[in-house]
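Data first, discussion second: the structure below is written as structure tokens.
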Amino acid sequence: MAAAMDWLPWSLMFLSLMYEASTFYVPGVAPINFHQNDPVEIKAVKLTSSRTQLPYEYYSLPFCQPREITYKAENLGEVLRGDRIVNTPFQVLMNSEKKCEVLCTKTNKPVTLSVEQSRLVAERITEDYYVHLIADNLPVATRLELYSNHDGDDKKKEKDVQFEHGYRLGFTDVNKIYLHNHLSFILYYHREDLEEDQEHTYRVVRFEVIPQSIRLEDLKTEEKSSCTLPEGTNSSPQEIDPTKENQLYFTYSVHWEESDIKWASRWDTYLTMSDVQIHWFSIINSVVVVFFLSGILSMIIIRTLRKDIANYNKEDDIEDTMEESGWKLVHGDVFRPPQYPMILSSLLGSGIQLFCMILIVIFVAMLGMLSPSSRGALMTTACFLFMFMGVFGGFSAGRLYRTLKGHRWKKGAFCTATLYPGVVFGICFILNCFIWGKHSSGAVPFPTMVALLCMWFGISLPLIYLGYYFGFRKQPYDNPVRTNQIPRQIPEQRWYMNRFVGILMAGILPFGAMFIELFFIFSAIWENQFYYLFGFLFLVFIILVVSCSQISIVMVYFQLCAEDYRWWWRNFLVSGGSAFYVLVYAIFYFVNKLDIVEFIPSLLYFGYTALMVLSFWLLTGTIGFYAAYMFVRKIYAAVKID
């Protein structure tokens, strides 16, 4: 426990450093300097809803279109996220105000939505869709002002400003559906300090919108596409009746404000949308609990082991020792190869691949190089890293397969390259068919799917074969004791040695260390939030590795003490026990946090959750397996075997 307390101040200092690291801006991205009246392009990203989990591209709805629609060339991560970045007809000039401007028409005639278009717009509004726009790569946000104290004159002091990603497409009120057809853009600029006789340059540092619904009759249109907004609260909202044609205007206004925020800090507004204090408290609580538990477990196992080894190595009482029960009695069987060694080594190879990929991605993201401002960079990096880490996965799988007396290395390499990726690709393809059926932009296009297959068979497969070849040729792991020819009979096991009970017991500690972080990750995935605290995530990952290793060692020690030497598969399954709790938490999150009721969104949620649980089980199972394997080799090397 004293050791755990010594670690605490260092861990807190490490936390503070990593919190600072999480606010770094992306290295190598140059700011864009605008002059007075330079055009600032407003682009659309997509429409999203946490109720349906199906993103749609901007022009899937009858919004006003520019003369020529141009889609931005996107990276792999953006395509997989469902982003389809496209230009819009909004004309915004740097530091130039616009009171009210009509879109879609030069003759100031209202836009007519057909019955089919009206029905589609009404459906999207009832499904709580949000529209996501960007200006100079900054996403649009809606300001929310919350008051924590409504008493007296302290309202202004207690005002809490938060920002919501995007803006609501519309709203419903008393069974009527209303569309936000007027957008008030508020853009903030930072004026750059320059030498004399130089023209001032500006940088965009914030992009807000106030969406409004204004009835056709309340908007006064004038010449040259300008218009006049109704004063005060005299106007009525623009209703969309899904049973008939609807006429309306799409309008917008632009307001500029100077800001002290510098360009390098402009994302801070978007990244501080949740209560960081709760996050700090929860993470520190997890750190303290895990360090205490780790200290206690380490003390118990080291004390017990020292006592065991001392007893076994007494030369005086050899006969008494042999009569005792304990882990030494299975020394002739503990390294007996398990059933299906090829599948076991293949799964562990994929686990090593995942471990290397996750470690590098989190570390690089912690340094600020995969900030949310680099749209899609995180997913692109993860995909490519998983492919290139195949050489390490293949090497570890090949060496382990040879240690387990395997001979068919080519088949083993193919199994490693296709077993886990094949399951992932199969599930994603089936889910993608359902998304295609909904015409969502979240569906991976066919060329992208072909590109992913080419990466799998053109990069990952050859690298795994290369690693497997060298791993299989390398000297196998040196086991300290010989294996008997005849297997030892295993005594009847107690109820608590049951595999499922072991999974439940082994999964609690690692899950307890990371379940708070899991909430933030789930919010980022399913509720379109930004996840940015990679410093915290890196610390949690280290805690997860430590706790998985220690729990795995304890579980394999108890199993060997019960004279059950079939630890290979059991340890791999039990070490991944926290994946079971992740599944339970995912079901809890679905029931309590999300408002998903339709079949396809539910299928998507549980399909992708199944992939997350499978990957997490492979990751934690691999960490636990290698920790237990090192431990077993260490303890049997420490005792004298006659």
Just verifying a value: how many Å separate [X] [atom1] and [Y] [atom2], rounded to the nearest 0.5 Å?
| X | Y | atom1 | atom2 | answer |
| --- | --- | --- | --- | --- |
| Ile503 | Arg570 | CD1 | CZ | 8.5 Å |
| Phe580 | Ile508 | CZ | CD1 | 10.5 Å |
| Leu370 | Thr381 | CG | OG1 | 4.5 Å |
| Ile360 | Leu385 | CD1 | CG | 5.0 Å |
| Leu604 | Thr52 | CG | OG1 | 9.0 Å |
| Thr418 | Phe425 | OG1 | CZ | 13.0 Å |

request  = Decide yes or no on ring-ring contact (aromatic ring centres under 6.0 Å, His included) for Tyr581 and Phe515, but give the supporting numbers first.
outcome  = CA-CA 9 Å; Tyr581 288 97; Phe515 84 96; over 10 Å; no
Considering non-hydrogen atoms only, spot the tightest contact between [X] and [Y] and give its length.
| X | Y | answer |
| --- | --- | --- |
| Gly77 | Thr380 | N-OG1, 2.8 Å |
| Thr620 | Gly576 | OG1-CA, 3.2 Å |
| Tyr401 | Met342 | OH-CE, 3.3 Å |
| Ile352 | Ser396 | CG1-OG, 3.4 Å |
| Thr416 | Pro421 | O-CD, 4.2 Å |
| Pro62 | Leu113 | CG-CD2, 3.7 Å |

Is the centre of the [X] ring less than 6.0 Å from the centre of the [Y] ring?
| X | Y | answer |
| --- | --- | --- |
| Trp567 | Phe625 | yes |
| Phe522 | Tyr585 | yes |
| Tyr629 | Trp568 | yes |

query = So Ser49 and Leu54, side-chain contact (heavy atoms from CB on, under 4.5 Å) or not? Walk me through it.
reply = CA-CA 7 Å; Ser49 166; Leu54 292 166; over 6 Å; no
Is there side-chain contact between [X] and [Y], with heavy atoms separated by less than 4.5 Å?
| X | Y | answer |
| --- | --- | --- |
| Ile358 | Phe616 | no |
| Leu509 | Gln550 | no |
| Tyr608 | Leu611 | yes |
| Val140 | Ile134 | no |
| Leu133 | Tyr58 | yes |
| Leu344 | Leu404 | yes |
| Asp136 | Arg266 | yes |
| Phe519 | Lys593 | yes |

request  = Identify, with sequence neighbours excluded, every residue that meets side chain to side chain donor-acceptor pair (under 3.5 Å) alongside Glu74.
outcome  = none
Look at atom [atom1] of [X] and say whether more than 12 heavy atoms of other residues, nucleotides or ligands are closer to it than 6.0 Å.
| X | atom1 | result |
| --- | --- | --- |
| Glu527 | CD | yes |
| Phe384 | CZ | no |
| Tyr71 | OH | yes |
| Tyr589 | OH | yes |

inquiry  = Taking the cut-offs as 6.0 angstrom to the six-membered ring centre and 45 degrees off its axis, would you call Arg399 and Tyr477 a cation-pi pair?
reply    =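 Cation-pi check for Arg399 and Tyr477: passes.
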Spell out, as yes or no, whether a donor-acceptor pair under 3.5 Å connects the side chain of [X] to the backbone of [Y].
| X | Y | value |
| --- | --- | --- |
| Trp409 | Gly398 | no |
| Arg51 | Thr126 | yes |
| Arg124 | Leu61 | no |
| Tyr420 | Leu348 | no |
| Arg375 | Asn137 | yes |
| Glu164 | Thr142 | no |
| Thr88 | Ile42 | yes |
| His132 | Pro139 | no |
| Thr172 | Ile177 | no |
| Thr48 | Pro55 | no |

Side-chain atoms of residues 455-470: list all donor-acceptor pairs with protein atoms under 3.5 Å, sequence neighbours left out, distances to 0.1 Å.
{"from": "Trp456", "atom 1": "NE1", "to": "Ala417", "atom 2": "O", "distance (Å)": "2.9"}
{"from": "Tyr465", "atom 1": "OH", "to": "Lys410", "atom 2": "O", "distance (Å)": "3.2"}
{"from": "Tyr469", "atom 1": "OH", "to": "Arg473", "atom 2": "NH1", "distance (Å)": "3.1"}

request  = Starting from the C-alpha separation in whole Å, work towards a yes-or-no answer on side-chain contact (heavy atoms from CB on, under 4.5 Å) for Leu400 and Tyr626.
outcome  = CA-CA 10 Å; Leu400 183 67; Tyr626 276 101; 4.2 Å; yes
inquiry  = Given Phe355, which partner from the list Phe541, Phe386, Phe392 fulfils the ring pair (Phe, Tyr, Trp, His ring centres under 6.0 Å) test?
reply    = Phe541
query = Is there a donor in the side chain of Ser552 and an acceptor in the side chain of Asn571, or the other way round, less than 3.5 Å apart?
reply = yes
Which label fits [X] and [Y]: parallel for a plane angle under 30°, tilted from 30 to 60°, or perpendicular past 60°?
| X | Y | result |
| --- | --- | --- |
| Trp617 | Phe572 | tilted |
| Phe590 | Phe606 | tilted |
| His180 | Phe171 | tilted |

request  = Using a strict 4.0 Å threshold on nitrogen-to-oxygen distance, state whether Glu78 and Lys72 make a salt bridge.
outcome  =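 Result for this pair is yes, salt bridge flagged.
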request  = Check the pair Ile587, Thr609 against side-chain contact (heavy atoms from CB on, under 4.5 Å), reporting the backbone distance first and the verdict last.
outcome  = CA-CA 9 Å; Ile587 295 168; Thr609 297; over 6 Å; no
query = Yes or no on side-chain contact (heavy atoms from CB on, under 4.5 Å) for Val86 and Glu57, after CA distance, side-chain angles and deciding distance?
reply = CA-CA 9 Å; Val86 65; Glu57 63 174 271; over 6 Å; no
